[in-house]
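First up is the structure itself, then whatever we jot down about it.
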Amino acid sequence: MTLTYVLLGDPVEHSASPELYAAAFRLLGFDACYRTRRVSAAELGVEMRRLAAQGGGGNVTLPHKLPAALLLDERTESVSRTGACNCFWGTPHGSLAGDNTDVGGFLRAARRLTRRAGSRIEGAAVLVLGAGGAARAVLVGLAEGGAASVDILNRSPERALRMLEELQLGEGSPGARVLHGADEAAGRYDLVINATSLGLRAADRLPLDLSGLEARAALDCVYGPLGTRWTRHAAARGIPATDGLAMLVEQARLSVRNWLGIEPDVGPLQEAATAGLAGRQGGL
Ligand code: NAP
């Protein structure tokens, strides 16, 4: 029987996930299909339970990641810590289970980038832009990875303060500080991360001008067919940079592991996601 996995969100049309997961299932020789479905908040729970009951599952994207976490019967540590769910499935005993693979996906992508830049997450000084769902996954990932310090810069500093309070990163977590403007940023960071949605639209301003500080690496959670304007801005300054495609691919591998117990290789998935994006319009 062909199992069905669905990306639930609103909007979902821009997503490169169908090509990505089709490639993953093909690589593993697994009989499954992957679709996208635009759902309202009211439809979310019904759809998640329906797919799980059929033995499949799916992913959840904006704006439903936080409500999805509240609907689960079983949740991983990443869901408990972030309060957000982006991957769900049905268990053999009929429960609705969920994970937040953005956490592990981010950490893997960030580790690869910092290695390329000659540094590492452990002990790193990091600047995070944003205080939404992606920033929460990034902060939990940085705590797991052993970053030494994290500065957070968000358009609304009060939202960043609330995020820190709610995350309760706990003992051994990086020292975190909310900045009230770019002028409060330290001179030097091992890694700067854009976890805002700036860059999704061609007309967006840059999330941060990197000329004013010394950054050893830049990771953009946003992705585009040719990277993003911000990753190109970084690269033009000699800063190793990666867009959110690497994170997307890694979170997809972790989703497939949750569903099938096995991870597809990274290379062919990266190619499938790149080809999927190239087929879409985009001026990032
Ligand atoms: P979200 O919860 O809606 O948060 C949006 C963030 O962007 C907030 O910090 C918001 O600031 C900020 N922002 C929005 N418009 C802004 C503007 N005009 N100027 C300055 N700041 C602005 O969204 P999210 O779930 O965190 O997602 C953020 C981005 O990460 C999205 O582009 C998403 O596609 C991407 N993402 C990628 C992956 C991946 O696998 N690559 C995974 C997850 C998310 P305020 O708090 O002040 O509103």
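As the structure is a prediction and not an experimental result, all values here were calculated from the model. Atoms within a ligand are numbered from 1 in the order they appear, just like the ligands themselves.
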Mind checking whether A195 contacts ligand 1 via backbone (N, CA, C, O), side chain (CB onward), both or neither, at a 4.0 Å heavy-atom cut-off? backbone
Lys/Arg-Asp/Glu bridge criterion (N-O < 4.0 Å) met for R232, D220: no
Would you find a donor on one side and an acceptor on the other, under 3.5 Å apart, between the side chain of N86 and the backbone of T101? yes
Could you list which atoms of ligand 1 come closer than 4.0 Å to a heavy atom of T196? 6 (C), 7 (O), 12 (C), 28 (C), 29 (C)
Please tell me if atom 33 (C) of ligand 1 is touched by the protein, where touching means a protein heavy-atom distance below 4.0 Å. no
Take atom CZ of R237 as the centre, draw a 6.0 Å sphere, and report whether it contains more than 12 heavy atoms from other residues, nucleotides or ligands. yes
Between the side chain of R136 and the main-chain N/O of V103, is any donor-acceptor distance below 3.5 Å? no
Which of the numbered atoms in ligand 1 are below 4.0 angstrom from a heavy atom of V222? 32 (O)
Which segment of N86 sits under 4.0 Å of ligand 1 when only heavy atoms are counted: neither
Do any N or O atoms from the side chain of R35 and from the backbone of T4 form a donor-acceptor pair under 3.5 angstrom? no
Any K65 heavy atom less than 4.0 Å to ligand 1: yes
Suppose we measure from atom 16 (C) of ligand 1 to each protein heavy atom; which comes out shortest, and what is that distance? R155 NH1, 3.4 Å
Fit a plane to each ring of Y34 and Y21, take the angle between them on a 0 to 90° scale, and name the class: parallel (under 30°), tilted (30 to 60°) or perpendicular (over 60°). parallel
Output yes when R112 and E250 qualify as a salt bridge under the 4.0 Å nitrogen-oxygen rule, no when they do not. yes
Using distance alone, determine whether L200 and ligand 1 share an N or O pair under 3.5 Å. no
Considering only non-hydrogen protein atoms, determine which one is nearest to atom 26 (O) of ligand 1 and report residue, atom name and distance to 0.1 Å. A134 N, 2.7 Å
So for ligand 1, is R159 a polar contact partner (N or O within less than 3.5 Å, distance only)? yes
Between H180 and P157, is there a donor-acceptor pair closer than 3.5 Å when you use the side chain of the first and the backbone of the second? no
Examine the proximity of ligand 1 to R205 and report which part, side chain or backbone, both or neither, has a heavy atom under 4.0 Å away. side chain
Counting only heavy atoms closer than 4.0 Å, does ligand 1 sit against the backbone of L62, its side chain, both, or neither? side chain
Taking heavy atoms and a distance under 4.0 Å, where does D102 meet ligand 1: side chain, backbone, both or neither? side chain
Indicate yes or no: does an N/O atom of G130 lie under 3.5 Å from an N/O atom of ligand 1? no
In plain terms, say whether E47 and R50 are close enough for a salt bridge, that is, a side-chain N and a carboxylate O under 4.0 Å apart. yes
